[in-house]
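Scroll down for the structure; my scribbles are underneath it.
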Amino acid sequence: MSAAQAGDFLRALAMHNPAPETELRYTTPFTLLVAVVLSAQTTDAAVNRCTPALFAAAPGPVEMAALGAEGIAPFIRTIGLWQGKAKNVAALCSLLVERHGGEVPTDRAALEALPGVGRKTANVVLNVAFGESTMAVDTHIFRLGNRTGLAPGRTPREVEDGLVRRCPAELLRDAHHWLILHGRYVCKARRPECWRCPAATHCNYGDKVAAPG
DNA sequence: ATCCCGAGGG
DNA sequence: CCCTCTGGAT
């Protein structure tokens, strides 16, 4: 699809943003970073259930590092991959203290050097906490970008670059979040529900999908 | 049963 | 490229 059409597509989705708060509920770079690291392969609800107690016990990287993996684990046993995440968060916080003066680094290379932080997580932090024009691409956004023609690409990185180029600047903040939700609940891997899609008029994929009935 | 709002490792 | 780690949602 054309760049103009892509802009209309994204504006239509943004207007019907199903989750206006999202990651923005984590108001500091540190809490955001930890919450996003915990989010892998789990739901927001599961993460949001355990983070209040975790951050009450360890408000900053110094306290979190002091807890260690053994101390962190009890707070996050209800979410997926908790063993690895407990180790990652503990190691990550030690590095924040030792190498970055207890601050979350603002550059991609330093972020991605932290345990448990890959390109997707780094992009979320750069975008939400530091206002960078990044797009965090997960499996949903990868599929959506290709299926709709919004940002086709053979690799997640190609889709990411296409989306950053085509997303209207004023929508870029936290755009990954409503795109992911749209991919999860409407533009699903199986049985996409195009009849519920607010951007359907800007996408030709719906021609291949029958309405229910 | 199957897939994930991933990352790290072989 | 493939696998594994985990609880939860469907």
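Below, chain A is the first sequence line, B the second, and so on; all start at residue 1.
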Study note, to complete from the structure: Result for 5'-nearest mapping on DNA chain B, choosing between A/Asn88 and A/Ala189, is A/Ala189
Review point. What one-letter contact string describes nucleotides 5-10 of chain C from 5' to 3', where B marks a base within less than 4.0 Å of any protein heavy atom, S marks contact via sugar-phosphate atoms alone, and - marks no contact?
Key: BBBSSS
Review point. With a non-hydrogen cut-off below 4.0 angstrom, is A/Leu38 in contact with a base, only sugar-phosphate, or nothing?
Key: nothing
Check your understanding: Which part of the nucleic acid, if any, lies within contact of A/Val117, taking any heavy atom under 4.0 Å across all strands shown: a base, the sugar-phosphate backbone alone, or nothing?
Key -> sugar-phosphate
Check your understanding: Should we say atom CZ of A/Arg99 is surrounded by more than 12 heavy atoms from elsewhere, each under 6.0 Å from it?
Key -> no
Starting at atom [atom1] of [X], determine the distance to atom [atom2] of [N], rounded to an integer number of angstrom.
X        : N     : atom1 : atom2 : result
A/Asp44  : B/dG6 : CG    : P     : 10 Å
A/Glu112 : B/dG6 : CD    : P     : 16 Å
A/Leu111 : B/dG8 : CG    : P     : 12 Å
A/Arg143 : B/dC3 : CZ    : P     : 12 Å
A/His176 : B/dG6 : NE2   : P     : 13 Å
A/Asp138 : B/dA7 : CG    : C1'   : 14 Å
A/Lys87  : B/dG9 : NZ    : P     : 12 Å

For [X] and [Y], indicate whether the former's side chain and the latter's backbone hold a donor-acceptor pair under 3.5 Å.
X        : Y        : value
A/Arg166 : A/Leu150 : yes
A/Asp107 : A/Ala110 : yes
A/Glu103 : A/His100 : no
A/Arg147 : A/Tyr205 : no
A/Glu158 : A/Arg154 : yes
A/Lys85  : A/Gly80  : yes

Review point. If we take the C1' atom in both C/dG8 and B/dG8, what is their distance in whole Å?
Key: 23 Å
Point to revise | C/dT6 versus B/dA1 - spacing of their P atoms, nearest Å | key: 22 Å
